[in-house]
Amino acid sequence: MDFSILTDYFGLYLEGFWGTILSSVLALIGSFLLGSVIAVFRITTVKGLRWFGTGYVEFVRNIPLLLVVYIFYYGPSALGFPLDGFKAGTIGLAVYTSAFIAEAIRAGIMAVPKGQMEAARSSGLSYIQTMMHVILPQAIKLVIPPLGNQFINLIKNSSVLTIVAGMDLMYFADSISTETYRTFDTYIFVAVFYLVLTLPLSYGVRVWERRLQRKY
Amino acid sequence: MNKFKSFKWLSVLMVAALFVIAGCGNNNNAGNNSAASGGNAAGNAADSAAIAKIKERGKLLVGVKYDTRLFGLKDPASGNVEGFDIDISKAIAKHILGDENAIELKEVTSKTRIPMLNNGEIDMVVATMTITEERKKEVDFSDVYFQAGQSLLVKKGSPITGLESVTKDTKILGSKGATSIKNIKEKVPGVTVLEFDNYQDAFAALKAGQGDALTTDDAILYGMASQDDGYEVVGKPFTDEPYGIAVQKGNTDVVKAINDTLAELKANGEYDAIYTKWIGKAPAK
Amino acid sequence: MDFAGAFSAANLGFLMDGFYLTLIVAFVSIILSFVIGVIVGVIRYAEVPVLSPVMFFLVELIRNLPLLLIIFFVRFALPEVGIKMGLTTAAIAALTIFEAAMIAEIVRGGLTAVDKGQIEAARSSGLSSFQTLWHIVLPQGLRHMVPPLVSQFISLLKDTSLATIVALPELMHNAKIVMGQKESFTIPVLLLIAVLYFAVNYLLSVVSRRLEHKTA
């Protein structure tokens with residue numbers, strides 16, 4: 001059998017590989033946008049928003065990803081507009097990850113010394129201007145390693161799409177292994193496909209972390 | 001900086017090592033396969049070993065479905081698994097061990113039943129499994145113990161009335177590792193098929209509007225339709241799906257014991273009774 | 001939505017059976033992965049020749065693969081090469097392998113964060129390197145590790161739900177069986193298991209915050 005599995009089913013592997021990449025990238029963008037909003041809610045002085053932000057983060061972080069995906073898979077269909085496995089899975093991934101990203105961004109903003117905010121404000125910048133030009137640019141540098149780690153998690157977590165027939169790498173791997181009856185070989189190749197994505201990212205995150213450590 | 005260089009090299013090494021592992025795995029497989037075929041050639045000496053092992057254990061390990069109404073369904077209330085396949089399994093346990101309760105059921109799905117059988121976790125698979133030429137290369141089958149045919153389950157009022165109305169744009173739902181997936185792809189080239197881990201997930205997906213029709217063997221579909229009267233089986237069966245009981249390759253003594261049991265059941269009328277109990281009518285002669 | 005039907009005594013009992021197995025599997029895996037993770041983390045920190053690079057290799061390999069893949073691999077691929085175990089054991093083994101790799105990284109990071117000056121002081125006052133590790137570095141490092149360790153334990157508990165793909169009768173698996181009975185059970189059951197997962201995990205995170213306050 002050996003490499004013939006890879007060559008015979010290369011098309012399916014690639015289709016799944018693409019599904020995994022697409023879902024992870026879309027979920028990263030979604031979770032970054034959503035996470036930024038929640039992070040701002042978490043640090044704002046408006047009480048209602050702060051409670052919402054805290055409640056959101058605590059709830060989402062403490063339930064399994066698979067459950068979040070099921071909520072988006074079965075929930076909308078109960079309301080009459082079903083989402084397919086890929087969409088429900090990707091939205092679920094984005095929502096789940098956004099809670100972690102919100103916390104990372106909040107931590108990054110908190111890490112910028114408070115004096116800077118006061119100095120900028122007293123020199124005449126508005127709150128928003130200070131955030132945009134002073135705080136956020138510094139915070140983002142600090143946030144990049146945890147964001148990178150979340151992206152790696154996203155890629156790995158996108159494998160839950162297989163459970164709702166979401167056309168990812170694991171989904172097609174199942175189709176391949178039920179046809180070849182060679183689970184071991186099929187999944188070793190799947191592992192290689194995942195590593196091709198995750199190892200360079202891990203490496204990049206480490207380099208960036210090193211750079212930050214040297215600076216501070 | 002040294003660490004990063006080593007990290008890079010380790011990454012390369014890792015991927016390389018995976019390929020080596022894959023290679024080893026193959027060698028092992030090849031080894032196992034040849035050992036198995038060697039066992040076949042050796043003949044009966046090895047054959048009685050499987051039955052002896054079951055007798056020594058005093059318990060028959062059977063892989064059955066837990067999510068398929070009429071054939072193998074776990075009832076949360078009682079914790080029991082019930083169905084046609086279960087009754088047949090009990091009869092086999094009685095034949096081999098003299099006690100129909102000397103049996104341990106393990107949950108399988110279409111995807112997991114052959115790996116679990118070949119890994120030696122179960123003695124046999126009694127799980128709505130169609131006998132096919134391809135599967136015969138992996139496992140040995142008993143005689144046919146149930147005759148099913150592939151059909152379609154749809155929401156009542158669906159425009160789909162049978163295989164004729166399935167087009168390339170129809171979304172079909174099915175279960176991973178089932179013959180029905182292959183069949184529908186052959187009958188309607190280019191059709192979209194979504195595969196799930198088991199029939200329960202597939203049926204849940206149909207209810208959730210994820211597809212237009214669920215395809216598998218009619219007997220399984222009738223079980224689903226009986227569970228929810230918003231769904232119905234449409235059209236005539238469009239394939240023959242003879243169910244067999246699968247055992248590990250080379251265990252001819254177990255196959256013989258199963259076939260003897262089936263013959264016995266058919267002779268004394270018990271087969272008809274079990275069939276009628278679950279399917280609701282006597283089997284066609 | 002049919003709350004009364006979904007939460008019949010039989011269904012609730014069945015769901016509690018699943019919840020019980022979830023807790024057992026999580027508990028055993030947490031203990032095992034903590035022990036293994038600490039050992040591997042210390043080895044990585046101590047830079048033992050040969051052993052440390054090997055551990056580095058394994059930890060990086062496992063951390064960069066999806067848990068779902070590892071679960072499926074341990075359950076169905078390893079037996080093909082002669083490594084066989086039962087269903088629950090396989091699930092625990094897979095969870096332990098994955099989480100131990102994550103914990104090893106947390107432990108190594110925590111140890112690295114201990115002030116180098118203290119190590120030198122301890123060494124120059126006559127402690128052996130093992131004594132230094134045991135009495136100085138580990139106790140202090142553990143303090144840094146408590147929050148990430150607890151969130152890893154929470155992850156582990158959530159991740160047990162992935163074992164549903166190998167049909168382990170844990171909470172998620174049993175929930176799906178109950179949902180399969182009737183469409184109107186879906187949302188009540190999803191809500192109930194969300195509450196269950198949330199309750200345990202939130203409890204864990206509260207305990208973690210208490211611990212943090214105590215040690216800080």
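A note on names: the letters A, B, ... follow the listed sequences, proteins ahead of strands, and every chain is numbered from 1.
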- Any residue of residues 15-39 of chain A which, by heavy atoms, sits under 4.5 Å from chain B: none
- Structural part of B:A204 lying under 4.5 Å from a heavy atom of chain A: both
- Message: Distance alone, cut at 3.5 Å: any donor-acceptor contact between the side chains of A:K156 and A:T198?
- Response: no
- Item | Interface moiety of B:V193 toward chain A, non-hydrogen atoms closer than 4.5 Å | backbone
- Does A:R206 pair with A:E209 as a salt bridge, N-O distance under 4.0 Å? no
- Message: Ignoring hydrogens, what is the shortest heavy-atom contact between B:D217 and B:T130? Give both atom names and the distance.
- Response: OD2-OG1, 4.1 Å
- Query: Checking A:S177 against chain B: side chain, backbone, both or neither under 4.5 Å from a heavy atom?
  - Reply: neither
- Between A:S98 and A:Y56, is any side-chain donor less than 3.5 angstrom from a side-chain acceptor? yes
- So, do B:Y199 and B:F203 have ring centers that fall under 6.0 Å from each other? no
- Query: Does one side chain, of B:E241 or B:T179, offer a donor that lies under 3.5 Å from an acceptor on the other?
  - Reply: yes
- Task: Name the region of B:I114, side chain, backbone, both or neither, that has any atom closer than 4.5 Å to a heavy atom of chain A.
- Result: side chain
- Atom group of A:I163 that falls short of 4.5 Å from chain B, counting heavy atoms: both
- Message: Please enumerate all residues that pass salt bridge (Lys or Arg N to Asp or Glu O under 4.0 Å) together with B:K176, with sequence neighbours excluded.
- Response: A:D174, B:D197
- Item | Contacting moiety of B:E138, where chain A heavy atoms sit under 4.5 Å | side chain
- Query: Ring centroid separation for A:F172 and A:Y9, is it under 6.0 angstrom?
  - Reply: no
- Query: Do B:D140 side-chain atoms and B:G250 backbone N/O form a donor-acceptor pair below 3.5 Å?
  - Reply: yes
- Query: A:T178 versus chain B, heavy atoms under 4.5 Å apart: side chain, backbone, both or neither?
  - Reply: side chain
- Item | Proximal component of B:K182, with respect to chain A [non-hydrogen, under 4.5 Å] | side chain
- Message: So for A:Y73, is it side chain, backbone, both, or neither that comes closer than 4.5 Å to the heavy atoms of chain B?
- Response: both
- Going by atom types alone, do A:T54 and A:R42 pair a side-chain donor with an acceptor below 3.5 Å? yes
